[in-house]
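Below is one structure; the comments refer to it alone.
In this text the structure is predicted, and so the values were computed from the model without any measurement. Order of appearance sets the numbers: ligands from 1, and atoms from 1 within every ligand.
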Amino acid sequence: MQHTPKGLRLHIGIYGRRNAGKSSLLNRLVGQKAAIVSATPGTTTDPVEKTIEFLPIGPVVFIDTAGIDDTGALGELRRERTLQAIDRTDVAILVTETHAWGPYEEELAGLLREREIPFFVVLNKADLVAPPADILERLTAEGIDFQPASALTGEGMDAVRDRIVQAAPEAWFEPPRLLGDLLPAGELAILVVPIDLGAPKGRIILPQIMAIRDILDSDAYCMVVKERELKDALGRLNRKPSLVVCDSQVVLKTAADTPPDIPLTTFSILMARFKGDLATLAHGTGVIERLKSGDRVLISEACSHHPLADDIGRVKIPRWLRQFAGGQVHCDVVAGPEFPEDISGYKLIVHCGGCMINRKNMLSRIFRARRGGVPITNYGMTIAYVQGVLPRVMAPFLCTGASNRSISHR
Ligand SMILES: Nc1nc2c(ncn2[C@@H]2O[C@H](COP(=O)(O)OP(=O)(O)OP(=O)(O)O)[C@@H](O)[C@H]2O)c(=O)[nH]1
Ligand SMILES: [Mg+2]
């Protein structure tokens with residue numbers, strides 16, 4: 001990631017008056033002394049750039065700037081440099097002391113708005129003075145997001161990081177191909193689509209539709225079969241398919257019916273790569289084997305659907321986990337748009353495929369799990385793991401080198 005060209009990194013600019021704590025904030029965010037901090041106003045003269053890997057966004061450049069309120073002939077030059085830095089800023093952090101919001105901050109907010117650069121305010125030095133109510137009201141009235149924090153004590157820093165992620169444009173979370181990169185033009189894929197009780201009436205589900213579209217975009221083609229017909233379909237072909245993709249629920253049968261030299265994966269695993277971070281989710285499955293009786297697992301679903309009798313998240317996965325642990329595993333199910341704040345105490349998070357949320361949202365959830373030190377995996381990976389076929393369904397990504405990118409670049 002350190003080799004990512006600067007032009008392909010998200011640029012996060014830090015702006016504000018002299019002495020507001022911009023350089024201190026930079027140092028906190030990058031976890032090292034990248035910029036000089038001192039009580040003398042005007043310490044930072046030229047913009048300081050620091051490139052780092054900032055999860056879940058990926059490679060970023062932080063730009064620390066000179067105070068916008070600098071004076072004198074040199075001060076005017078510094079101010080100019082600061083204003084130039086705005087031109088290369090994708091996300092801005094406006095730093096001010098808690099009680100000091102005024103004309104300079106309004107000017108910066110105006111400039112950022114004018115250029116449609118997403119930004120939020122850090123009300124810094126909250127350890128000294130709590131943000132006054134009138135300033136909070138004013139920011140709220142203007143629709144400006146703010147976060148009280150202290151770059152000195154570290155208070156509020158996680159929230160500042162979350163706000164950077166929220167402010168980052170959607171385009172920075174553009175996904176890799178769903179499967180087109182696994183399938184050369186002119187080649188055939190077989191899609192195994194069971195039509196069971198869970199299948200919606202008269203339709204096939206979104207990941208399957210998306211796969212068909214992506215195959216066509218690759219100038220490749222596909223055959224869609226139910227699991228029962230797969231063997232027969234394979235037998236009729238005079239050339240092997242380049243890829244077989246099946247629904248997780250029939251992965252065991254599909255793996256048995258597909259000769260080992262034909263690459264096989266599941267729709268869930270394609271979606272895990274498309275929506276999230278394949279490597280982290282695959283890594284999370286390692287915990288399943290180590291589960292013990294009494295452990296707690298969080299089952300997280302992004303949407304609230306009406307559970308079926310044999311529901312995957314509520315019935316099947318808890319049952320498998322209990323079998324692995326050889327005893328009671330407490331599974332808490334949370335469903336809906338909110339990912340729980342408190343994940344401490346969980347040994348593992350098993351997330352749904354996330355078909356109803358976007359990549360940015362899914363990556364944020366994975367990031368929160370990582371930050372909380374809780375391994376995370378998803379339904380499709382768990383099913384493949386407990387059925388003993390995870391290495392097989394992950395193999396297509398390992399041999400093509402197409403395994404995972406946490407982000408694609410514009
Ligand atoms: N109490 C307290 N002091 C802080 C905080 N953040 C920064 N400071 C102090 O404020 C002073 C200025 O901090 P800097 O980080 O250099 O501020 P800056 O905005 O980069 O200043 P210039 O480079 O001069 O524009 C230093 O003495 C810091 O130690 C904070 O959250 N709380
Ligand atoms: Mg500074």
task: Would you tell me whether Thr89 and Arg115 have side-chain atoms, one donor and one acceptor, within less than 3.5 Å of each other?
output: no
Let me have the donor-acceptor pairs involving side chains of residues 380-391, under 3.5 Å, with sequence neighbours excluded, atom names and distances please.
{"unit_1": "Thr382", "atom_1": "OG1", "unit_2": "Asn378", "atom_2": "O", "d": "2.7"}
{"unit_1": "Tyr385", "atom_1": "OH", "unit_2": "Glu289", "atom_2": "OE2", "d": "3.4"}

At a cut-off of 2.8 Å, protein N/O/S around the Mg ion (ligand 2) gives Ser23 OG, Thr44 OG1
[atom]: which protein heavy atom is closest, and how many Å away?
{"atom": "atom 18 (P) of ligand 1", "answer": "Lys22 N, 3.4 Å"}
{"atom": "atom 6 (N) of ligand 1", "answer": "Asn124 ND2, 3.2 Å"}
{"atom": "atom 13 (O) of ligand 1", "answer": "Ser24 OG, 3.6 Å"}
{"atom": "atom 32 (N) of ligand 1", "answer": "Asp127 OD1, 2.8 Å"}
{"atom": "atom 4 (C) of ligand 1", "answer": "Lys125 CE, 3.7 Å"}

Should the proximity of [X] to ligand 1, defined as any heavy atom under 4.0 Å, be assigned to the side chain, the backbone, both, or neither?
{"X": "Asn19", "answer": "both"}
{"X": "Leu128", "answer": "side chain"}
{"X": "Ala126", "answer": "neither"}
{"X": "Pro41", "answer": "backbone"}

Are the charged groups of Arg113 and Glu142 less than 4.0 angstrom apart, N to O? yes
Here the atoms of ligand 1 under 4.0 Å from any heavy atom belonging to Leu152 are 1 (N), 2 (C), 5 (C), 30 (C), 31 (O), 32 (N)
- Query: So, does Thr40 sit close enough to ligand 1 that a heavy atom of it is under 4.0 Å from the ligand?
  - Reply: yes
Mind checking whether Ala66 has a heavy atom under 4.0 Å from ligand 1?
no
Practice task
Check whether any N or O atom of Val37, backbone or side chain, sits under 3.5 Å from an N or O atom of ligand 1, and answer yes or no.
Solution key: no
